[in-house]
Number of protein chains: 2
Amino acid sequence: MALPAKVNIIDVGPRDGLQNEKQLVPAQVKTELVHLLQTAGLREIEVTSFVSPKWVPQMADNAQVMGQIQRRDGVRYSVLVPNMKGMEAALLTQPDEIVVFASASESFSQKNINCSIAESIERFAPVVQAAHAQGIVVRGAMSCTVGCPYEGDIAPAQVEYLARLLHDVGVDRVDVADTIGVGTPLKIQRALEATFKHFGVDNVSGHFHDTYGQAIGNTLAALELGVWNFQSSVAGLGGCPYAKGATGNVATEDVVFMLHGMGIETGIDLDRLVDAGLYISAQLGRPSHSRAGTAIAKKRPVQEGAATGQICA
Amino acid sequence: MALPAKVNIIDVGPRDGLQNEKQLVPAQVKTELVHLLQTAGLREIEVTSFVSPKWVPQMADNAQVMGQIQRRDGVRYSVLVPNMKGMEAALLTQPDEIVVFASASESFSQKNINCSIAESIERFAPVVQAAHAQGIVVRGAMSCTVGCPYEGDIAPAQVEYLARLLHDVGVDRVDVADTIGVGTPLKIQRALEATFKHFGVDNVSGHFHDTYGQAIGNTLAALELGVWNFQSSVAGLGGCPYAKGATGNVATEDVVFMLHGMGIETGIDLDRLVDAGLYISAQLGRPSHSRAGTAIAKKRPVQEGAATGQICA
């Protein structure tokens, strides 16, 4: 089939990315990152999560960050919410979208959130109802749709089962996430096709990790099935908790480089996006994990006094 | 079309890779690298070049390395040769294949080898004849088939022109190289299709650089056109001379991870390949540029006294 003419990128760097970085990042820096992303043309940004600060100290400043953002019309600000307690706090900050999460792997669900897949969905069912009562969209993040750190390969039937449960509980759209980055193009297509049994292609996004260097190939494979929503993380923020020191989320810069190279519109200014990646990499004091971001930055003329951040491949 | 069932990988790390690394690597280390690659199952290895040591000091030990290799049946050892002087030296070392090179960009040809594309081909015409006189295969490396550091985009017509000249001079097979890594899937497919006008798909290999993180997507795009020969470099050896500090050759480990994940045979043992990448990265004192190699190494149990090399994403 023909590739989509337009693609929508959901940058998950401020939440999914920074949550998996070791150091705590000040709320002011997170806010600036969101501002740089929206300046670059991002129209969906996953900002923070309303999870217990005991478990995720990196997101303890969730309300502060949501309050500081200078919101722009046409930009959707989403937040992750695990339960009604989190939802009550989240609603005070007026998010545009709520993200709930579940795993396609029973073992991962048990080890990660200490309950079965079906129980995890019962747990957030009232969150979905509360969101819809206020006209807020709910996105379901499906983790381990290709492989699981405990079970290995995940069958497409498991993905279809999870997609059905999410559809039945009322989730509006879903992410097909390759949480540990072991997916390759044909496996990704099988996971997407399993999801299409319950969600139309317009409501399915690809969320690929670059741990084994496969995310760009997987993105192409998803585009070939008509998928036009993708999650990625500026500068490749966020490592892989299952292979410490390895790469996690695919870098938004690398995805946008491919899309623009194929004549696909994103509404994103790649140079401004690279600026955002250099900013947050410098704040973290580490190189960008984006190859396109690194190459573009390396080719820029060196300006005296300019903060280019640390960059490498 | 259906993807190929088998793929042949040509590891160019010992030549194209090490030639673009800053430091000089001892002949013994190069020899060990070739041995590790053939142990991992590689059946084509680009070993060295017979270029003036004044221009390429990294390859001054060419005859020594070719002499030290314990050759295996069924493995093709290729060497790069620019002219008849190099050819005379190369022939003494009994290579299985001679590699000649030319650019699809006139500006690149002028700046790189100080002559036009047509002149560069006249220059190595006697090399092709000498090789064929001894029954040696000749491969033509076509550089800058998508983009050029001086001209920007390269039109498919330029690639077709170069492929025609190479065909007419008697070259047996060609590489479609994205020398600066700016290619994206559709542009790569156009360059390949231009090449197919003069060479059958069995005699065309893809040679992609990961400078902008695109090589794995481009490999998938080439597979979709039936291409089943690819050049890559273990551990991503070799930087990008046009964006210093950025990534060059795609890592063989990342390509093999994708192929095996799609059920495509390569004859390569990925674990042994990762060993080869860790060996040469440790010798160079720098992290591997392979994401798959890094992730696989990170998951290995730490063995006391084991040299795992420096690894990072």
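Using cut-offs of 30° and 60° on the angle between ring planes, the pair Tyr212(B) and Phe257(A) is parallel.
Contact of the Thr184(A) side chain with the Met262(B) side chain is registered, since non-hydrogen atoms from C-beta on lie closer than 4.5 Å. Counting heavy atoms from C-beta outward, Val204(A) and Leu192(A) have side chains that approach closer than 4.5 Å.
Top candidate by heavy-atom pairs under 4.5 Å with chain B, chosen from Gly183(A), Ala292(A), Gly263(A), is Ala292(A). Highest contact tally toward chain B, considering only Ala215(A), Gly236(A), Gly213(A), Gly181(A), is held by Gly213(A) [criterion: heavy-atom pairs under 4.5 Å]. With chain B as partner, the option from Val182(A), Thr219(A), Val255(A) having the largest number of non-hydrogen pairs under 4.5 angstrom is Val182(A).
Within the 4.5 angstrom heavy-atom criterion, no atom of Val250(B) approaches chain A. Of the two parts of Leu259(A), neither the backbone nor the side chain holds a non-hydrogen atom closer than 4.5 Å to a non-hydrogen atom of chain B. Heavy-atom distances place no part of Asn218(B) under 4.5 Å from chain A, backbone and side chain included.
Side-chain atoms of Ser103(B) and Ser109(B) form no donor-acceptor pair, as typed in the model, at a separation below 3.5 Å.
Between the CE atom in Met258(B) and the CG atom in Leu220(B) there is a gap of 5.5 Å [rounded to 0.5 Å].
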